[in-house]
2 protein chains.
Amino acid sequence: MVHNGGMTTLQIVESTAAEACCTPSGMQVLGADEAQGKAQLFKALADPNRLRLLSIVKASDGGEACVCDLTEPLDLGQPTVSHHLKILVDAGLLHREKRGTWAYYSLVPGALERTADLLSAL
Amino acid sequence: MVHNGGMTTLQIVESTAAEACCTPSGMQVLGADEAQGKAQLFKALADPNRLRLLSIVKASDGGEACVCDLTEPLDLGQPTVSHHLKILVDAGLLHREKRGTWAYYSLVPGALERTADLLSAL
DNA sequence: TCGGCATATCGATCATCATCAATCTATCCA
DNA sequence: TGGATAGATTGATGATGATCGATATGCCGA
């Protein structure tokens, strides 16, 4: 609100869900739909155990780890770890590959960097 | 877990709460305390309305905005906006300056960039 | 000093989330 | 084929969070 009686110059840019992840060129401030999608990504990062999962996977030999690698260091039950991994996969941060009995998780290349860019581009 | 019967090579590095935000040089994976602190920061970003608040403040004239600038575009009640702003201030992302009756909020310089760096450095 | 305005805080409510125990599915091996 | 193992799914529970109405605080102008 401008206290000299003038109009505010802010422009709210709305967008459809389909284009929620690509930024319109003329955008001034984040629209509701884009904000929703980006918040979803940060929600995936807003848990200490999920941050540790990403860190352990990144530091693991070969850049991948299976669930049994991740249960012990986090001191969580296997279903809970599996649940967190699913959230990270759904967010596009982790990749899941099943080989035989084991499921191997690895970082999606560039995903963390793209997420970081979201912040600078806010 | 290494399936050839050998020991795992992962090292968990713990740290006290006091040093939760500075990364020890020899660190391999995120310890529980560091993860806690970093998750707290991402929690502040994990809400679409708070992302829009940051975006509006950043795009505002002079880089600052008061609560009455922010209530209308978000279509939220004033107490709710005030609540979100407090979370962003507590997270170190926004700065609050009271001038007369109005409270002006502005981005903490470099805060978003530092948060982005947390991701690349995971 | 008083009334009005901007903002903050409080208390309650409803929704979301993290976690676990139990169970299910799929794969491997004997 | 049957048992064992890795991982996913389900259902329940306790905790955390977003939102609002009501109220408190603090500042300004008459």
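Using a 4.0 Å cut-off between a side-chain N of Lys or Arg and a carboxylate O of Asp or Glu, B:Glu64 and B:Lys58 do not qualify as a salt bridge.
Backbone-only engagement by B:His84 is indicated by non-hydrogen atom pairs under 4.0 Å involving sugar-phosphate atoms exclusively. At a threshold of 4.0 angstrom between heavy atoms, the contacts of B:Lys43 are confined to the sugar-phosphate backbone, with no base atom among them. Within 4.0 Å of A:Arg50, counting heavy atoms only, lie sugar-phosphate atoms of the nucleic acid but no base atom.
Atom CD1 of A:Ile87 and atom P of D:dA8 are 13 Å apart (whole Å). The separation between A:Leu53 atom CG and C:dT19 atom P is 10 Å, rounded to whole Å. Rounded to an integer number of Å, the gap from CG of A:Asp90 to P of D:dA8 is 12 Å. B:Phe42 has its CZ atom 18 Å from the P atom of C:dC17, to the nearest Å. The CG-C1' distance, from B:Leu85 to D:dG17, rounds to 16 Å in whole Å.
Residues A:Pro79 and A:Thr101 both approach DNA chain D. Their nearest nucleotides, taken by heavy-atom distance, put A:Thr101 toward the 5′ side. Each of A:Ala46 and A:Arg99 lies near DNA chain C, and the nucleotide nearest A:Ala46 is the one positioned closer to the 5' end.
An OP1 or OP2 oxygen of C:dA18 is reached within less than 4.0 angstrom by a side-chain nitrogen or oxygen of A:His83. Between A:Tyr105 and the phosphate of D:dA8, there is a side-chain N or O to OP1/OP2 separation shorter than 4.0 Å. Look at A:Arg96 and you won't find any side-chain N or O under 4.0 angstrom from OP1 or OP2 of D:dG7. Residue B:Thr80 places at least one side-chain N or O under 4.0 Å from the OP1 or OP2 atom of D:dC20.
Distance from the side chain of A:Ser82 is smallest for D:dT9 among the nucleotides D:dT9, C:dT7, C:dC20. Checking C:dA8, C:dC20, D:dA6 against the side-chain heavy atoms of A:Trp102 singles out D:dA6 as nearest. Ranking C:dT7, D:dA8, D:dA18 by closeness to the B:Asp47 side chain, first place goes to D:dA18. Side-chain proximity of A:Asn49 to C:dT19, D:dG7, D:dC20: nearest is C:dT19.
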Can A:Leu118 and B:Leu51 be said to form a side chain to side chain contact (heavy atoms under 4.5 Å, CB included), step by step?
CA-CA 10 Å; A:Leu118 286 186; B:Leu51 289 179; over 6 Å; no

Evaluate the side chain to side chain contact (heavy atoms under 4.5 Å, CB included) criterion for residues B:Tyr105 and B:Leu88: first the C-alpha distance (whole Å), next the side-chain angles of each, then the deciding distance (0.1 Å), finally the verdict.
CA-CA 10 Å; B:Tyr105 288 87; B:Leu88 291 171; over 6 Å; no

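The backbone N or O of B:Gln78 sits nowhere less than 3.5 Å from a side-chain atom of B:Ser82 that would complete a donor-acceptor pair.
Two residues are said to be in side-chain contact when any heavy atoms from C-beta on lie closer than 4.5 Å; A:Arg96 and A:Tyr104 fail this criterion.
If you check distances only, the side chain of A:Gln78 never reaches the base of D:dA6 with a donor-acceptor pair under 3.5 Å.
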